[in-house]
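Below: one structure, written as structure tokens.
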Number of protein chains: 2
Amino acid sequence: MEFKHQATVTLAEVAEAAGVGESTVSRVLRNHGSFSGKTRDRVMAAVERLGYVPNRIAGTLASTASRLVAFVIPSLSNIVFPDVLRGASAVLEENRYQAVFSVTDYDPGKEEALAAAMLAWRPAAVMLAGYEHTEGTVKMLRASGCRIVELLDLDGDALDLAVGFSNRTAGRESAAFLLKRGYRRIGYVGHDLDRDTRAGKRFSAFCETLGAHDAPLADREILAGASSVENGRLGLERLLARMPDLDAVYFSNDDMALGGYFHCLARGIAIPSQLAIFGYNGLDIGRATPQPLSTIRTPRVATGQVAAQLVVTNSPPQVVDLGFELIEGATA
Amino acid sequence: MEFKHQATVTLAEVAEAAGVGESTVSRVLRNHGSFSGKTRDRVMAAVERLGYVPNRIAGTLASTASRLVAFVIPSLSNIVFPDVLRGASAVLEENRYQAVFSVTDYDPGKEEALAAAMLAWRPAAVMLAGYEHTEGTVKMLRASGCRIVELLDLDGDALDLAVGFSNRTAGRESAAFLLKRGYRRIGYVGHDLDRDTRAGKRFSAFCETLGAHDAPLADREILAGASSVENGRLGLERLLARMPDLDAVYFSNDDMALGGYFHCLARGIAIPSQLAIFGYNGLDIGRATPQPLSTIRTPRVATGQVAAQLVVTNSPPQVVDLGFELIEGATA
DNA sequence: AAAGAAAATGGCAGCGCTGCCATTATTGGC
DNA sequence: GCCAATAATGGCAGCGCTGCCATTTTCTTT
């Protein structure tokens, strides 16, 4: 079933065609070591003529140095991860690194299996979401000797490199903002927290902050499955059915919050006078709604960029806090 | 700058530790060829004990068979491509294939450079968006001997495999739908068409259909840059400033259409009685707005799945039309 | 012009696996 | 029990490159 490549041109053939040694071709192509201009031209001409494409597999094996960077991400549906990939891939491409990825569906067991599969490619670095990994994953990563980058979460202990911001702080500041605005009967609509541990951290810090200000969370509605606009809408509908007199609702992210917002629009619930809405992520779409969404803008693309930069420069272990920005908006 | 791996356990060491030959270890690990249960246990014990992780780089080189699949995609911001990747990666992971990707930013020159870089990894297949590639890209891909999959566009000639649907048909049916609903003064709001050639194909088929029914496009507003909700909002605002009596607007995609929708909400423009809105893509969010968006739902995830399936089964060259679904919605 | 330094270049042993072939242990049939 | 199958297994030559070292060529310098 696997695909076999047709006989391709090898470096040795280029060397022969150019009338030089193999190492010379290798030096010219990598622009490394010394060679004369004349030789370079002959080699490049042969490369062109034969349509030679270097074999990175062989090169990587021979040099035992890798320019692969592996991403093990929970999801591609949650815009967060494509954004991180986008930032990272731009930097990696500039530096002639290659990104490989696989998707865990927020399943730690799958994460372990996929991380193992990735390590088989001997990547220069493995990038993962957050700090929650199985013991097996951690052991494996540690033993691999490759760089480990944990993304989008700083509430925990880094294995090696970590880039992102504190979800707990985000949750706390969201609560503080709502309290400052005078809301006291605050509810929560969220998605599966066991899987999305970062949303869980925001939520628990949010609740603690409310509690510390004598305005404990009034009610919550947690929906199974991934976050979505429809789940946000549905969640708010259910929550309001139980507690019609809430004055603010915190959503697990902007997708959910937009669902809540649409629900209010459809039911004629005045925002924010009758009900305030607060999200998380700072999606662009939240800037274009009739009332801009009150939310927290997270540095998703920058997280990818910085993470990639640290890897290509082989920086020492460190934690980089990129912070976030609270957007007041008009819904809270 | 490149990363060097620390001395890792090799297959030979496992063989020694298990007291068997190298080929036996290889057979056991790949579950290929024959070996006794006793031997398998000894090998697996040694693997476990030493923490051996097979080196796929070496394996791929030795077998000259690859389980890498390369994606060269225009963007990660446009949800279309993460969706395709999502579908594909699920199937690839099941079959122990590995996805690698890079992002062209809709730049054909960059596509060529990145395709060349990908071929250096000797992938089993290269997946690209659409049919518009430079001559150099085509020549290179053809010469590589690896499978080529062109995605999300069937209006042209396939190099090898093609999976998706016809954008021209989508444009035509969108126009037909609006005409059938009785709209006659129809405008268009779109993003950069030179780069997103698939949006361009939809638009031209849309216009042709209108023309064929004596209701030529009334006006258009094309915004530079990528599609976004904000650009859709802005585009509609500008269009209506010029032509306040339009009765319907076709948007280049749902992001843009949602921007238009929000603009109407904000300005109190009644939908669809005063102005109809039609999008493209069938995003989930369009189902949760107070009025569901009228649009075309495209099989993005399925496109990825089918493409991956064709590759892992090494299917003969073919074109697979997955079609699309027109969603009537409530905005047109 | 000779000597020494620097620049160019070629040769070849691996990198860690897989595929092929040869060899050895088992098994079943009569 | 003897022989032919069949199952298990080991050995080793590559896969296509890079890194190191030896060698040759070219340049400086006095």
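Per chain, numbering begins at 1; letters A, B, ... match sequence-line order. No experiment lies behind these values; they were computed from the predicted model shown.
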Inset, instruction - Identify, residue by residue, the members of residues 19-39 of chain A with a heavy atom below 4.0 Å from DNA chain C, and return them in order of residue number, or none. - result: A:G19, A:V20, A:G21, A:S23, A:T24, A:R27, A:S34, A:F35, A:S36, A:T39
Inset, instruction - Please name all residues satisfying salt bridge (Lys or Arg N to Asp or Glu O under 4.0 Å) with A:R198, sequence neighbours left out, ordered by chain then number. - result: none
Legend entry - B:W121 CH2 to D:dC17 C1', straight-line distance once rounded to whole Å: 12 Å
Inset, instruction - Quickly work out the B:L11 CG to C:dG19 P distance and round it to whole Å. - result: 12 Å
Legend entry - Separation of atom CD1 in A:I57 from atom C1' in C:dT18, rounded to whole Å: 14 Å
Inset, instruction - Grab the CD-P distance between B:E16 and D:dG11 for me, whole Å please. - result: 11 Å
Anything under 3.5 Å between a donor and an acceptor, one on a side chain of residues 40-52 of chain B, the other on a protein residue two or more places apart or in another chain? List them.
residue, atom, partner, partner atom, Å
B:R42, NE, B:A18, O, 3.3
B:R42, NH2, B:A18, O, 2.7
B:R42, NH2, B:G19, O, 3.4

Inset, instruction - Tell me yes or no: between the side chains of A:H133 and A:E112, is some donor less than 3.5 Å from an acceptor? - result: no
Legend entry - Nearest-angstrom distance from the residue atom CG of B:L61 to P of C:dT18: 11 Å
Inset, instruction - Would you please name every residue forming a side-chain contact (heavy atoms from CB on, under 4.5 Å) with B:V91, sequence neighbours left out? - result: B:N95, B:Q305, B:A308, B:Q309
Legend entry - Nearest-angstrom distance from the residue atom CG of B:L119 to P of D:dG16: 16 Å
Inset, instruction - Would you please name every residue forming a salt bridge (Lys or Arg N to Asp or Glu O under 4.0 Å) with B:D155, sequence neighbours left out? - result: none
Inset, instruction - Could you tell me the separation between the CZ atom of A:R42 and the C1' atom of C:dA8, rounded to a whole number of Å? - result: 13 Å
Inset, instruction - Can you sort out the partners of B:D83 under side-chain contact (heavy atoms from CB on, under 4.5 Å), two or more places apart, ordered by chain and number? - result: B:I79, B:R86, B:R300, B:V301
